[in-house]
Amino acid sequence: MFSFSAGGVFASQLKALCGIATGILVQLPLPKHISEEKVLCEISLEKDVDGFHPLNIGKLAMKGRQPLFNPCTPRGCIELLVRSGISIKGKNAVVVGRSNIVGLPVSLLLLKEDATVTVVHSRTKEPEKIIREADIIIAAAGQAMMIKGSWIKPGATVIDVGTNAVDDPTRKSGYRLVGDVDFQEACKVAGWITPVPGGVGPMTVAMLLKNTLDGAKRVIEK
Ligand code: NDP
């Protein structure tokens with residue numbers, strides 16, 4: 001596995017490296033002068049280990065179709081639920097956030113797993129009322145500790161994707177990382193909850209490795 005930055009290689013080298021690789025991930029967001037859409041469309045479907053190619057996302061959204069790759073963070077969220085023995089079928093799932101990277105694909109994956117899915121975003125009125133109905137909450141808004149303990153139904157499962165830096169003068173770095181959920185309050189109410197850091201983050205890395213391995217196996221089998 002190798003990585004390089006936009007300024008670190010010439011276009012010809014980049015093309016050669018992409019030719020040998022079995023998986024390609026573009027670290028987003030890109031600088032404003034580079035079109036994210038164009039770059040993601042250039043990645044071949046078979047190497048799209050992040051699952052962000054429009055055709056992979058399109059298949060994820062369609063009934064009866066399967067993308068070659070599912071996006072890593074959303075796949076990690078589902079894996080956490082499945083491996084913890086939390087059933088998804090028929091459950092009320094609320095996803096907070098609708099980004100292309102997390103909120104939208106995780107809501108599509110939950111639908112594929114037969115959950116009843118509601119997506120909350122920045123224009124949603126009274127999000128706490130909707131979140132309080134959830135059996136499963138996936139928080140991916142990028143808003144530090146926005147979801148309070150009182151917003152959570154007792155026993156609900158909370159997957160906190162949010163990773164936000166907040167000032168903390170007691171730390172050498174001057175900051176600490178917190179999720180979108182107020183962990184101290186929420187852990188007293190929730191049945192299951194992921195910590196930040198150390199919850200979804202490592203799962204994202206594991207799913208990236210899994211996607212890369214799956215992609216390499218497909219190439220070898222061909
Ligand atoms: P984006 O900023 O792209 O999207 C945030 C989403 O949250 C938007 O859909 C936005 O709504 C919604 N939102 C913002 N504020 C509110 C609010 N007050 N109430 C309800 N919804 C709100 O972020 P990402 O999806 O890229 O990332 C989300 C978080 O997850 C970040 O903290 C990021 O660092 C973290 N992250 C963690 C990963 C991990 O591996 N642990 C991987 C990727 C992300 P609207 O569409 O209306 O603007």
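FYI, the numbering just counts along the sequence from 1. Reckoned from all heavy atoms, side chains included, excluding hydrogens, waters and symmetry mates. Whatever order the structure lists them in is the order used to number ligands and atoms, beginning at 1. Because the structure is a prediction, the values reported are computed rather than measured.
Between D214 and R218, none of the side-chain N atoms (NZ, or NE/NH1/NH2) sits under 4.0 Å from a carboxylate O, so this pair counts as no salt bridge. By the 4.0 Å N-to-carboxylate-O rule, R176 lies close enough to D168 to be salt-bridged with it.
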Let me have the donor-acceptor pairs involving side chains of residues 71-82, under 3.5 Å, with sequence neighbours excluded, atom names and distances please.
{"from": "T73", "atom 1": "OG1", "to": "T204", "atom 2": "OG1", "distance (Å)": "3.1"}
{"from": "R75", "atom 1": "NH1", "to": "N211", "atom 2": "OD1", "distance (Å)": "2.5"}
{"from": "E79", "atom 1": "OE2", "to": "R83", "atom 2": "NE", "distance (Å)": "3.0"}
{"from": "E79", "atom 1": "OE2", "to": "R83", "atom 2": "NH2", "distance (Å)": "3.2"}

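Looking at every heavy atom in both residues, V196 comes nearest to T163 through CG1-CA, 4.3 Å.
Near V161, with a cut-off below 4.0 Å to any heavy atom, the atoms of ligand 1 are 30 (O), 35 (C), 36 (N), 37 (C), 38 (C), 41 (N). Of all the atoms in ligand 1, the ones that sit under 4.0 Å from a non-hydrogen atom of G201 are 40 (O), 41 (N). Within ligand 1, the atoms closer than 4.0 Å to a non-hydrogen atom of S99 are 3 (O), 4 (O), 9 (O), 24 (P), 25 (O), numbered from 1 in the order shown. In the vicinity of T204, heavy-atom distances shorter than 4.0 Å reach the ligand 1 atoms 39 (C), 40 (O). Ligand 1 places these atoms under 4.0 Å from at least one heavy atom of N164: 32 (O). Listed by number with element, the atoms of ligand 1 under 4.0 angstrom from any heavy atom of G97 are 6 (C), 7 (O), 9 (O), 12 (C).
With a heavy-atom cut-off of 4.0 Å, H121 touches ligand 1 through backbone and side chain alike.
Protein non-hydrogen atoms do reach within 4.0 Å of atom 46 (O) of ligand 1.
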